[in-house]
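Report on the following structure.
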There are 2 protein chains.
Amino acid sequence: MKIADPHVPLAKKLRRGDLFQTGCPSREVMKHVTSSWGVLILIALRDGTLRFSELRRRVNGVSERMLSQTLQWLEGDGLVLRRAYPVVPPHTEYTLTPLGEEAAEKVASLAEWIEERLPVILGNAEQKRSET
Amino acid sequence: MKIADPHVPLAKKLRRGDLFQTGCPSREVMKHVTSSWGVLILIALRDGTLRFSELRRRVNGVSERMLSQTLQWLEGDGLVLRRAYPVVPPHTEYTLTPLGEEAAEKVASLAEWIEERLPVILGNAEQKRSET
DNA sequence: GTATGTACTTACTTTTCGTAAGCAAGGTGA
DNA sequence: TCACCTTGCTTACGAAAAGTAAGTACATAC
C-alpha cells in the first residue's frame, strides 16, 4: 500500500496569501500586477487580443525588453495567454485569461481613479511646494 | 487694466490624467501608490493613524529608508498626513487623508483579490513549470 | 554605564531598469 | 541588386532605484 505523496503543492498549503508577511508569494504577484508596465499592459488588453508590437505602440514609453519581461511575468501568473505563430516575420498574440480580466478590472479601477483625481493631487503638490 | 496671469497652474490645465501618455504626471502618482511599500502602507493606514515604527512593524520587511521615502511620496501627493511632535524621543503620526482613503480602498480591493486568488495563481505557475 | 527606543539621514552595495544593438527571414522601393 | 523595414524577441551595458548598514540626539530602563 502506497504512502500518500509527501509533496503537497504550495498552492494547496496556502488557503490564501498575506501581503503583510515577508516572503509570501503574493508579494511577487503584486509586484507583477502593479509594476509600471504591468498595470498598463493589463488595461490595454481589456480591449481584446493584441500583438506584441501593438501593445508596444499603445503603452507609450515601454521598451521591448520590459514589455517582453512583464508579459512573461503575467503569463507565468496565468493572467495573460500567449499564442505564438511560427511564421516569418513572427506573429504573437496576447490575451487576458478570465483570471487576468479580474485583475485588470481592479487595476483599471485604480487607474481611472488616479486619472480623475490627478488635478486635485497635482494641486496638493503645488500648494505644498509653495509652503516654503 | 491687468492682463490675466500667464501662469496657469498645471492642475488647471489638465482635465484628467492619461496613463497611456508618456510623461503624464499620473504615471508618477501611480508609481507611488502601486510601489511595493506604498500599497502596504496605504492598506495598513486604513485601520487608523500609525506611528513610523508601528508602520515599520506592520509592513514586514520594509527598511526605514524606504518607509521614510514612500511616506514622503504619499504625503507629497496629499494621500497621507504627517504630524510630527518635536519631543525626545521623536513622535510622528501618519494618517490617511480623505483622498488617501479613496486610493487605499482601491488598492485594498486589488490586494484582497490577489490574496484570495493566490492558490489558483500558484497552481497555474506550478503547472507551467511541470510542462517541461 | 550599557542597552534600547524613536524617526530619520547618509554612505555603500546590489538589483532592476532603460538604451542600444543583434538576429532570422521575408517584403518593399529605387 | 541592394539597402532598408518589419516582427518578436534576447543580450550587453550604463544609469537609476532599492536594499543594507551605520550614524544621530536624546531619554528612559537596568
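Computed from heavy atoms alone, side chains included, the values below leave out hydrogens, waters and symmetry copies.
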In whole angstrom, give the distance that lies between atom OH of Tyr94(A) and atom P of dG8(D). 8 Å
Just to verify, what does Ser109(B) make a side chain to side chain contact (heavy atoms under 4.5 Å, CB included) with, not counting sequence neighbours? Lys106(A)
Report the residues that fulfil side chain to side chain contact (heavy atoms under 4.5 Å, CB included) with Val39(B), sequence neighbours left out, ordered by chain and then residue number. Met30(A), Ile43(B)
Rounding to an integer number of Å, can you tell me how far Arg56(A) CZ sits from dG8(D) P? 11 Å
Sequence neighbours left out, cut at 3.5 Å: what donor-acceptor pairs do the side chains of residues 52-59 of chain A make with other protein atoms?
residue	atom	partner	partner atom	Å
Glu54(A)	OE1	Arg51(A)	N	2.7
Arg56(A)	NH1	Val62(A)	O	2.4
Arg58(A)	NH1	Asp47(A)	OD2	3.1

How close or far is atom C1' of dG19(D) from atom CZ of Arg27(A), stated in whole angstroms? 14 Å
Could you give the CZ-to-P distance, from Arg57(A) to dG8(D), as a whole number of Å? 8 Å
Could you pull out every donor-acceptor pair under 3.5 Å between side chains of residues 79-88 of chain A and any protein atom, sequence neighbours left out?
residue	atom	partner	partner atom	Å
Arg82(A)	NE	Tyr94(A)	OH	3.3
Arg83(A)	NH1	Glu93(A)	OE1	3.3
Arg83(A)	NH2	Thr95(A)	OG1	3.1

Quick check on contacts: within residues 65-77 of chain B, what sits under 4.0 Å from DNA chain D by heavy-atom distance? Arg65(B), Met66(B), Gln69(B), Trp73(B)
Go through the structure and list residues passing side chain to side chain contact (heavy atoms under 4.5 Å, CB included) with Glu102(B), not counting sequence neighbours. Trp113(A), Arg117(A)
Mapping Val88(B) and Lys31(A) onto DNA chain C by nearest heavy atom, which one lands closer to the 5' end? Val88(B)
Pairwise 5' ranking along DNA chain C for Ser63(A) and Thr92(B), keeping only the more 5' one: Thr92(B)
Does OP1 or OP2 of dA18(D) have a side-chain N or O of Trp37(B) closer than 4.0 Å? no
What residues 45-54 of chain A contributes to the DNA chain D interface at heavy-atom separation below 4.0 Å is Arg51(A), Phe52(A), Ser53(A)
Asn60(B) side chain to Phe20(A) main-chain N or O, any donor-acceptor pair under 3.5 Å? yes
Arg46(A): what forms a side chain to side chain contact (heavy atoms under 4.5 Å, CB included) with it, not counting sequence neighbours? Leu96(A), Ala104(A), Glu105(A), Ala108(A)
Pair listing, side-chain hydrogen bond (donor to acceptor under 3.5 Å, both in side chains) test, anchored in residues 24-43 of chain A, at least two apart: His32(A)-Asp77(A)
